[in-house]
Every structure is written in structure tokens, then in C-alpha cells.
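Written out below as C-alpha cells is the structure these notes cover.
Heads up: numbering here begins at 1 and tracks the sequence. Because the structure is a prediction, the values reported are computed rather than measured.
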Amino acid sequence: MKNGVQRFGKFLSAMIMPNIGALIAFGFLAAFFNGSGWIPHEGFATIFSAILVYLIPILIAATGGKLIGGERGSIVGAIAVVGAIMSDPDTTMLMAAMIIGPLGGFCIKKFDQAMDGHMPAGFEMLINNFSAGILGMLLAMLSYVVIGPFMNLILAILTAGVNVLVAHSLLPLIAVFIEPAKVLFLNNAINHGIFTPIATAQAADAGKSIMYMLESNPGPGLGVLLAYMFFCEDQKTKQSAPGAVIIHLLGGIHEIYFPYILMNPLVIIGPIIGNIAAIFWYNLTDCGLVGPASPGSIIAYLMMAPRDKIFAVTMGVVIAAAVSFVISSVVIRMAKGKSLEEAQEEVANRKAEAKGLSAAPTKMKNAEGVKKVVFACDAGMGSSAMGATKFRNRIKALRPDLTVINTSVDNIPADCDVAVVQITLVERAKKSVPDAQMVTINNFLADPALDALFEQLTAESNSTKTEEAPQDSVKNTEKALSEAAEEASIETNKKNILVKDGIKLNLPPVSKEEAIQAAGELLTKLGYVDATYIAAMQEREKLTTTYMGMGVAIPHGTSQAKGTVKKTGIVLLQYPEGVDFGDEKAQLVFGIAGIGDEHLDLLSKICGMLEDEDVLETLKTTADIEWVMEQLN
């Protein structure tokens, strides 16, 4: 049930989120140019009404159609929703668009499937164009007669329900559902499926809506983080809270405080009551926002506030934070919960579930029958190579019969028994090897799922080994690492994959994007790649993180960018204070450009260094380039 709601919410979010910019444009135009705005202007005021009535529903329907039926689905969905719009131009048809768009995509998708293999040669363009036009026309007529009026009725019922709650001062109780839903990643289904359509309709009529404020208020989460910052006994958690406050309050990333609640679930009482108090205040002072505050930062929150309500809106955030802080502080001082690491792992698992995936390791059906394990990333160049090398060195003494390789996610060999991929790539991996067992991870170096996989694959070997076996395993592993290091040294020196000019130490902290840009520019300067490779590195990071764990990141280009690599090379950028890669910090950023497998030897050497914590920690802070070259070469 929960997973179904999460998937539904994710689908709704996928229609709304790409078009949030249009909603924000509507909000700004309304805030500045309507009759009670900052700069009233009758002509400009007509723009935001057109955006609301026509543009936003068409964009949402087109996006929904594309999610189901691709580009043709986008066209049919956009045509079809016009019928609903014209059935009642005085009503914003957001909810209708969220039904009609996917319906249009579904219809054209089924038509294309039916015509697959039956398309007369030479008539492809004619049939494609006419089929999209005719289906769009029929659905527009259906929308005008049935779907538009029906969704208008649904919206009217929901709006009436909200008005009843407001009139009887019961709206604050909705926080009892909102705050737990956020931690369970169910908020998208509520926020984008119900709140945003109602809020947009209310804002069109009244110039603002309290519904925009229910879920995006940063106050409740701020109170939780401040409570941990002042009263948590665990020093690591306490020290992490100030950074989380900045990310949450200014960046609007509410997910940052979810682990702090999961550390002690009773803390959820604080944000619930804090949000109840804030909603009660907003209801009492007739507050509302003119558009969605996305992301939910204090900056976005105040920018969407009407001119005459800025103080009241700010006070609502302060009230929520204060109430949440007081209650959360009492709970934190009374009880002990999970560690921050355990809570962050639980958040990762919940996040995976919200995507319809599982981050938890599954039981191996036949561990002895597993002969090939494949580590796969987007390009098969860096992340998976390091992961495969580390896992191979770890397991080879106990399972010499096991083949561990790496490849790109779209080229996993058919004889793969177990595919190890990051959560965001699992669907592509299943298309390559539908019969292989999937092990989904968050990073390739230090993930609990890899430990579980190792235990399962070596369980039989461990049961038949004598007491001396672990010592033999360590010796064999050390020997393998030593041999790999020697081979890597010879090959690296031959090809000058890493040179002194490619090592930059003691760099000041920067953003992840700036660190990747710097690595790409250094690769370009040293002649390893074309300048276009830098954009491919940034694109690769958007696809899935190149953070490997243990303070190491290895940004590199996408699989499509391999043609821009002139020669194999690796650069090292050291950031002693760390660069934020999501919730983790990387002190060592290895920029990679590889032709074939030439860079894998050096990656193998780096993996060997990761086994020695002292060397790894020194590498993160040293200012001695000669020592770094000695370790890596």
C-alpha cells in the first residue's frame, strides 16, 4: 500500500516538478502586478492569468503524456487537455491535466504498439502525424464533454472540504498527516496530487492560498535541527546539525532533517505540533502564498509572500521552529535513539522504496552457483572499475572460481549472475540482464549491501575452512594487492597516466560542481581530453553520484563522451576540508579519462591504498607531492 502511494506520488511529482518554473512565474507576476501587488499593472496582470489558465495545464498534460508515450504522447496530451480547458475557462484545469496527459500518452503508445510491424512502407510519416492529430482531437472532445466537467466537480468538492476545515479552524490538524508523510516520502502524492491544484485555483480567485504553506514551511524541520544542535549528547550528530540547518533553511532541502527524526521517532511530535501552531497562525492572520515555495527554503517562502503579509509569514516560520524546538529538545534529552549513520541508511532505504526499488540486500538464491559478478555504472569507466577491483581483491582468496568484472550498465554480459549497480541505474541493468540478480547500492566502496554480498558468496567457503584459513586469506589478499600495485606502477610509469602537474593539494572547499569543473579543466590542460569532456563530467554526476565512499570521488564523463578522450589520464584534487557530494564529503577527487582499460591499473593501486587507513588519511591532508607520487606510482 505504502509503496503504491509512493510510486503514485513519484509519478505526480514527475508531472509537476519540471513545470514548477511556470508556477513560480505565475506567482511572481501575481505578486508584482495584480491589483494589490507591489507594482499594479493592468496589462502585465493579463499575462499571469493566461499562464494559469492555458500554459500550466498544457505543460503538465504534455509532461504526463511524455512520461507514458514519449514525444508523441506529449503532443497528444497537450492537444487533449485544451478540450478540458475550454469546457470551463474560468477554472484552472491542473487536476484534469494530470489525468488527460497520461491518458493521451497511453492511447498513442497502444496505437504505436498495434502498428508495430504493420506500417506500410513510405507511409510512416503520414500515419504518425494523422494518428497523433486524430487521437488528440478525439480526446480533446472527450475532455470537453466528460473529463473536464468531472475533474472540475472533484476540485470543487476538495476545495469545499478545505473551506470547511478553514471555517471551523480544523485545517491545522492536517499537519498530523503531513509531517509523518514527509519522513515516509509520501508527501509528493499529497502535495502535488491535492495541495498544488487546490492552491493554484484559490490563488487565481483570491490572489493567495494557504495550501501552498502546509508542506513547504521550513520552520518545523528547523526546530528539530536546532534541538539536536544544542541538546544532543552524541558529539558527531551535534556537530553535523549546524551544517544541516543551513542546507535546510536556505537551501530548502527538507530531506536533510529526516535522519534526525528517524534517530528517535518520538521527535516527530515536535514538527507535528510546530506545524499545527504555524497553520493556526496563518489561518488566524489570513495568510497565504501567491505561488509554490519550491524548494521549501525561507528565501522561496518569503519571495512568494504577498507584500502585506511578509511579517505574518515570517512569524509563522518562527512559531513553527520555536514550538518544534521546545518539544524536540525535551524528547532528545529524555531518550536515546539510533546513530546518525543508521538513520541515514534508513533514509536511503526509504528513498529507494519511494522509487519502487530496494536498497536492502536480498538473500542469494544459490551462492555456490554464482560464477560472475558484474559491477556496472553508466560509462563503465571509473566507479564500477574501482568497486570491482576492491571487491575482487577482497574475495579472490576465498572464491578463486568467481569472476568479478566491470562494465557499462547498458553492456552487462548475458552470462552475468549478479549485477551490482547504483539504485538509479537498476532499471537499465534489468533491461540488459533481466535474469540476473540485482544488488543495489549507494556507493561502490563502503556499502552494507556489498558486505552482505561478500558474506553470502563466501559462506560455504568459510564453513569448510580451518582456523588458519582467515590468516591465509589475509596473506593471499595482501600478496594480490602487492602484485597489483607492482603491475600498476610499471604500467602507470609507461603511459604517464598520473603526472605531478595533475596533482593539486590543499585546495579550499568548493561546491561539487566547481570541483568537477576544476578536475575537467585540469584534464583538458594536460591534453587528456577535449574541453567538451567537462560538460560530460557534469552530466554524469547528475545521472548518479561518482562519490565512492571513504572520502573518495572519481568524476568522469558519460559513455557518450569517450570519443572526446585523447589519451588516458587521471588527475588528483585534494580538498582537506572536503567537498559535499550529497550527504557525504570527498577529500580526494580523482578526475578520470580512460581509453579502453589503460586507467584500470592505477584505479587498482588506489583501491589498494584504501585498505590502509593511515595512508588514506595522510593522502587527504598531505602537502607533499613527492609522497603522493610515490604512493600512486
Side-chain angles (χ1 to χ4, degrees), residues 7-8 10-26 29 46-156 192-193 196-197 200-201 204 427 431:
R7 286 193 293 272
F8 177 64
K10 180 175 180 288
F11 183 74
L12 294 178
S13 177
M15 281 191 282
I16 295 289
M17 290 305 293
N19 301 304
I20 284 290
L23 285 164
I24 290 175
F26 153 73
L29 286 166
T46 61
I47 299 175
F48 78 79
S49 61
I51 289 176
L52 182 64
V53 174
Y54 299 104
L55 178 63
I56 293 174
I58 290 174
L59 286 174
I60 291 173
T63 304
K66 186 175 182 179
L67 290 172
I68 302 295
E71 294 294 338
R72 282 163 55 74
S74 175
I75 298 298
V76 174
I79 296 170
V81 78
V82 176
I85 294 171
M86 299 312 298
S87 69
D88 187 358
D90 294 327
T91 301
T92 305
M93 288 292 176
L94 263 65
M95 294 187 74
M98 295 166 79
I99 299 295
I100 297 166
L103 177 62
F106 175 80
C107 290
I108 198 69
K109 180 180 180 180
K110 289 300 179 184
F111 176 84
D112 289 344
Q113 289 175 348
M115 290 299 295
D116 189 24
H118 301 89
M119 191 84 74
F123 288 84
E124 293 86 355
M125 182 177 292
L126 180 68
I127 293 174
N128 284 339
N129 289 338
F130 270 77
S131 61
I134 292 170
L135 274 174
M137 177 192 71
L138 294 174
L139 287 174
M141 295 164 62
L142 177 67
S143 299
Y144 184 90
V145 175
V146 178
I147 299 177
F150 177 74
M151 296 310 298
N152 202 7
L153 176 63
I154 296 296
L155 181 61
H192 299 308
T196 298
T200 305
E427 292 302 324
K431 290 180 181 179

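- For D88, the side-chain hydrogen bond (donor to acceptor under 3.5 Å, both in side chains) criterion is met by T91, N152, not counting sequence neighbours.
- Y54 OH to M86 CE: the interatomic distance, rounded to the nearest 0.5 Å, is 5.0 Å.
- Closest approach of F106 and I68 over heavy atoms only: N-CG2, 3.4 Å.
- Rounding to the nearest 0.5 angstrom, the gap separating the CE atom in M15 from the CG atom in L94 is 10.0 Å.
- Residues meeting the side-chain hydrogen bond (donor to acceptor under 3.5 Å, both in side chains) test with E71, sequence neighbours left out: K66.
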Side-chain atoms of residues 57-65: list all donor-acceptor pairs with protein atoms under 3.5 Å, sequence neighbours left out, distances to 0.1 Å.
| residue | atom | partner | partner atom | Å |
| --- | --- | --- | --- | --- |
| T63 | OG1 | N19 | ND2 | 3.1 |
| T63 | OG1 | L59 | O | 2.8 |

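- Residues meeting the side-chain contact (heavy atoms from CB on, under 4.5 Å) test with L103, sequence neighbours left out: C107, L139, I147.
- The two residues A84 and I100 make their nearest non-hydrogen contact at CB-CD1, 3.5 Å.
- In terms of heavy atoms, P102 sits closest to A97 at CD-O, 3.9 Å.
- In this structure, CD1 on I75 lies 13.0 Å from CG on L135, to the nearest 0.5 angstrom.
- Rounding to the nearest 0.5 Å places CD1 of I134 at 10.5 Å from CD1 of I127.
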Contacts table for residues 115-123: side-chain donor-acceptor under 3.5 angstrom, sequence neighbours left out:
| residue | atom | partner | partner atom | Å |
| --- | --- | --- | --- | --- |
| H118 | ND1 | A114 | O | 3.4 |
| H118 | ND1 | D116 | O | 3.1 |

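- In this structure S74 satisfies the side-chain hydrogen bond (donor to acceptor under 3.5 Å, both in side chains) test with no other residue, sequence neighbours excluded.
- Take S131 and apply the side-chain hydrogen bond (donor to acceptor under 3.5 Å, both in side chains) test, not counting sequence neighbours, and it matches R72.
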